[in-house]
Amino acid sequence: MALERDAQLMLRVKEGDDASFAALLERYRAPVIHFIYRMVQSQHIAEELAQDVFLRVYRARKGYEPNAKFTTWLFRIATHIALNAIRDGRGERGTESLDDQEARASELPDRRRTIEQAMLEDARLAEVRRAVQALPAKQRAAVLMHKYQELDYAQIARALGCSESAVKSLLFRAYETLRRKLAHFGVRAAGETPS
Amino acid sequence: MTCHELEGLWVPYLDEKLPPRQRERLEAHVAGCAGCAARIREFRAVSELLGQWEAPAPSAWFDVRLRGRIAAEPARGAWWDWLPPFSPRFPLGVAALLFLAALVVWTGGGQSALPPAQVVTVEKTDIALYVVEDVNLLSDFDLLSELNKPGNREVLEKGRE
Ligand SMILES: [Zn+2]
């Protein structure tokens, strides 16, 4: 069976090829930062922790064996770093700093939103973020890997160190909590809108 | 099938990963259950809401900083890289080295180089530690928690700058 491309790159990193490390970084920089950002909801902390993730990958290169998909291995490291940071109380901030919010607001494309629309959307997104942050950390990690990283159940299970059925259960509980918390925000109405 | 019995099937159903027979059973239940029909719609709506949450782009300094940290890593991977920072082994190792140095100064009066036997011993220790730490790194994530302790981290960061 042919090795996946990422695993081949990582094996070259193992042999000392820094260009392959740069290629992996290019490919996974944003996914790792985004995953941790949604876990801890602070851009600054997310980047700090993502630095640790890539440094770990680099340091572990000599012992790397392509036993699993590269993304599984990478997100296992990212998940552990994020969960440890949250456990130690370093990874959770109630709200983003004003800087973070302003920086992102300036990145949003001009969709000629009315002020009212903008306020509604911002309020709704803030509510979504709060609801996600209130999830237990493991459920949160499962939802984020499932929704945004599109990892399959087996990969999420390996990243979290649990069974596939446990992952499905984590996801179900998380979605149940989210739908209850977000119901007042038009979850029902949004669901009934034909797409 | 009761609503409760279907719980494990919802997420795979919405991901369209349910085997055909299970899917048919779930759909048959939903056709006669208003509560579960609402749940499907609401799960989809939650998923849609989550999809609207964009994460900010990585900052420009991310790669620069990472390259700096990697460049600061010794190229050959000295054995002490693999020790958890400030683990009990670290002060012990320092103490052992100081003791060894004191012994050399005391016995040899600082006139001769290290006896060959001692050099060999140190090299053997290097290899053993290297291998052990390598395995730990891959299998034992307590290493990470060690790294992540606030005190250690600050000192570590300072050391890297
Ligand atoms: Zn039902």
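Chain A is the first sequence line, chain B the second, and so forth, proteins listed ahead of strands; every chain is numbered from 1. A quick note: this is a predicted structure, and the numbers were derived from the prediction, not measured.
For A/Leu171, the parts lying near chain B are the backbone and the side chain together; criterion is any non-hydrogen pair under 4.5 Å. Heavy atoms of B/Arg67 lying under 4.5 Å from chain A are absent altogether. Contacts between A/Ala50 and chain B at a heavy-atom distance below 4.5 Å involve backbone atoms as well as side-chain atoms. The contact between A/Tyr148 and chain B is made entirely by side chain atoms (from C-beta outward), counting heavy-atom distances below 4.5 Å.
With a 4.5 Å cut-off on side-chain heavy atoms, A/Glu176 and B/Phe43 count as touching. Between B/Val11 and A/Tyr153 the shortest side-chain heavy-atom distance falls below 4.5 Å. Between A/Val143 and B/Leu50, the closest side-chain pair of non-hydrogen atoms falls below 4.5 Å. Contact of the A/Arg179 side chain with the B/Arg41 side chain is not registered, since no non-hydrogen atoms from C-beta on lie closer than 4.5 Å. Contact check for B/Asp63 versus A/Phe54: no side-chain heavy atoms found under the 4.5 Å cut-off. Annotation: side chain of B/Leu66 is not in contact with side chain of A/Tyr58 (no heavy-atom distance under 4.5 Å).
The CD atom of A/Gln51 sits 6.0 Å away from the CH2 atom of B/Trp61 when rounded to the nearest 0.5 Å.
By number of non-hydrogen pairs under 4.5 angstrom with chain A, the leading residue of B/Ser59, B/Gly8, B/Gly51 is B/Ser59. Heavy-atom pairs under 4.5 Å with chain A peak, among B/Lys17, B/Gln52, B/Glu7, at B/Glu7.
Listed for the B/Arg65 side chain is no donor-acceptor partner under 3.5 Å among the backbone atoms of A/Glu47.
When all heavy atoms of B/Pro56 and A/His34 are compared, the pair lying nearest together is O-NE2, 2.9 Å. B/Arg69 and A/Leu55 get closest at one heavy-atom pair: NH2-CD2, 3.3 Å.
For A/Arg12, the CZ atom sits in a packed shell: over 12 heavy atoms of surrounding residues, nucleotides or ligands are nearer than 6.0 Å. The neighbour count for A/Arg29 CZ, taken as heavy atoms of other residues, nucleotides or ligands under 6.0 Å away, is above 12. Other residues, nucleotides and ligands place no more than 12 heavy atoms under 6.0 Å from the NZ atom of A/Lys69. Around atom CD of B/Glu5, more than 12 heavy atoms belonging to other residues, nucleotides or ligands sit under 6.0 Å away.
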| field | Test log, rule side-chain contact (heavy atoms from CB on, under 4.5 Å), inputs B/Ile70 and A/Phe21 | value | CA-CA 11 Å; B/Ile70 284 174; A/Phe21 184 78; 3.3 Å; yes

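The pair B/Glu42-A/Arg180 does not meet the salt-bridge criterion, since no charged nitrogen lies less than 4.0 angstrom from a carboxylate oxygen.
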